[in-house]
Amino acid sequence: MTDTTFDADGITLEKVREYVWEVPQEGDMRTPARVLASEALLEEIKEDKTLEQIKNTTHLPGITNHAICMPDGHQGYGFPVGGVGALDAENGCISPGAVGYDINCGVRMMRTNLTYDDLQGREEELVDSLFANVPSGLGGGGIVKAGVDTVEEILERGVDWALENGHAVEEDLLHCEDEGVRTEADASKISQKAKDRGKNQIGSLGSGNHFLEVQRVTDVFDDAVGDAYGLEEDQIVVLIHCGSRGLGHQTCNDYLRKIEQQHQGLLNQLPDKELAAAPAGSQLAEDYYKAMNAAINFAWVNRQLIMHRTRQVFERVFDRSWEEMDMHLLYDVAHNIAKKETHAVGVGPEGRPVRDGDAVEHEERELYVHRKGATRAFPAGHPEVPKAYRDVGQPVIIPGSMGAGSYVLRGGENSMDLTFGSTAHGAGRLMSRTQAKNEYWGGDVQDELEQQEQIYVKAQSGATVAEEAPGVYKDVDEVVRVSDALGIGDKVARTFPVCNIKG
DNA sequence: ATGTAC
């Protein structure tokens, strides 16, 4: 390691500038790979296959500018969790592994006008009531029990279905990425098996790192943006982190197998089978995109039902209407998706995308922006930022571990130039689930959190608590510090857990 | 992440 390079066991990164590192283009790489991280985070990132994977990603046809690894990057299926890959939507490809198994895993934050004082002494009652009323854990059981026809409606209509069926109010849609619906969804592109898995899971948290957390706002770093978001110190908020459950998982699996079979030519060009991709314009690329959009809609309805049920739980516990408690959706943002987006891309003399320094002009290009474990972070003024937040930028919600709290950021000024409008999505794991279960015991973790931090955790399984112990995660403060310093997602507020329910 | 294994 020198001032300008970082040696990571066989892969040498060159420092472009503070927090920007590059794996130079070589061999069959189509572009360089970039890692946005501090030296401290790089020391952790280099411990697994993250760097190799982000390098592999640059082999995908149509990769534009560079494959990008976020400060919270870690190893995933083929493509790192914490990766952004913008692939040309005309001449490139789309890759299910670069979206992730949990299609539209994401987070939403709901505000309240309660303060920490209002809750103290009632944490147990609240956590018990949430746990009893919000389905969680592996397998079936959701807030809505329905048939496949209902699933199909949800797949195509997204949160609009929830609105029509009394699980949402109009404003909920406005404060959701894409207003809670991907219109290019087609339920007929989702397998019967996936729909069958989904029909018993409409409105359910799931397991693993998914949770519902009641939190208090401990810091507001930017008063003006905090104001626009309706956040102030000591306020109680609710954070919901979950995805598309078995339906999304099945959909990812279905299309990976089909793409592996039908696009072997492309597969053979790639260094890792897990990056299997369908060429833009192919039938499977179109089908996967429509299916993925449908699974995205399912996940938004899932988070919506859980949020609305949480309003009802608060109504019972605090004996007031949710409107009186000001329980409005701040924002819902996905962190496992791909989307056709138009971005300004540097183009060389032959009209092909080139690195910015070599560009003779910039052109608007349509790209499949894959964000896997990465959050959209559009800056102020972007037309896709809801009107209420347009002047300050899109809210970005970064969940931390259950002992460390979470952050609210706003899309930064540099995000469009550096990351196709994206930033990190969380703390990132430090150790595997298996390793975590050897290091921790769920009951001990729970007792310690309650006694030392006054955090009340209730889970279906002790193993899940061990797997999610605060110590298995990277330092979320450092991840957010780097995002803020790069100007891709700026710090707005920090929260700390009060009650947490999980699978 | 996931009815935690093709």
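By convention in this document, chain letters (A, B, ...) are assigned in the order of the sequence lines, proteins followed by strands, and residues within each chain are numbered from 1.
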Practice item. Rounded to the nearest angstrom, tell me the gap between atom CD in A:Gln201 and atom C1' in B:dT2. Key: 9 Å
Review point. What nucleic acid atoms does A:Ser244 come within less than 4.0 Å of, heavy atoms only: base, sugar-phosphate, or nothing?
Key: nothing
Exercise for review: Would you check, one step at a time, whether the test side chain to side chain contact (heavy atoms under 4.5 Å, CB included) holds for A:Asp178 with A:Arg376?
Suggested key: CA-CA 11 Å; A:Asp178 293 330; A:Arg376 197 179 79 173; 3.8 Å; yes
Review point. So A:Tyr389 and A:His175, would you call those rings parallel, tilted or perpendicular, with 30° and 60° as cut-offs?
Key: tilted
Exercise for review: Can you label the angle between the A:Tyr368 ring and the A:His370 ring as parallel, tilted or perpendicular, going by 30° and 60°?
Suggested key: perpendicular
Review point. Within this structure, what is the OH-to-C1' distance between A:Tyr77 and B:dT2, rounded to whole angstrom?
Key: 14 Å
Exercise for review: Show the numbers, then the answer: is there a ring-ring contact (aromatic ring centres under 6.0 Å, His included) between A:His241 and A:His425?
Suggested key: CA-CA 11 Å; A:His241 178 206; A:His425 86 304; 7.6 Å; no
Review point. What is the nucleic acid contact for A:Glu467, judged by heavy atoms within less than 4.0 Å: base, sugar-phosphate only, or nothing?
Key: nothing
Exercise for review: Rounded to the nearest angstrom, tell me the gap between atom NZ in A:Lys502 and atom P in B:dT2.
Suggested key: 12 Å
Review point. Starting at NZ of A:Lys193 and ending at C1' of B:dT2, how long is that distance when rounded to a whole Å?
Key: 12 Å
Review point. Which part of the nucleic acid, if any, lies within contact of A:Lys372, taking any heavy atom under 4.0 Å across all strands shown: a base, the sugar-phosphate backbone alone, or nothing?
Key: nothing
Revision key, fill the gap. A:His210 atom NE2 is separated from B:dT4 atom C1', nearest whole Å, by 14 Å
Check your understanding: Is A:Arg245 near enough to B:dT2 that one of its side-chain N or O atoms lies under 4.0 angstrom from OP1 or OP2?
Key -> yes
Practice item. For A:His249 and for A:Leu138, find the nucleotide of DNA chain B with the closest heavy atom, then tell me which residue's nucleotide is more 5'. Key: A:His249
Review point. A:Gly246 near the nucleic acid: base, sugar-phosphate alone, or nothing, with a heavy-atom cut-off under 4.0 Å?
Key: sugar-phosphate
Review point. Rounding to a whole Å, what distance do you find between A:Glu260:CD and B:dC6:P?
Key: 12 Å
Check your understanding: Nearest 0.5 Å, what's the CE-NZ distance between A:Met431 and A:Lys474?
Key -> 12.0 Å
**Study point:** Length of the line joining A:Asn336:CG and B:dT2:P, which is rounded to integer Å
**Key:** 11 Å
Practice item. Please state how far atom NZ in A:Lys437 lies from atom P in B:dT4, giving the value in whole angstrom units. Key: 12 Å
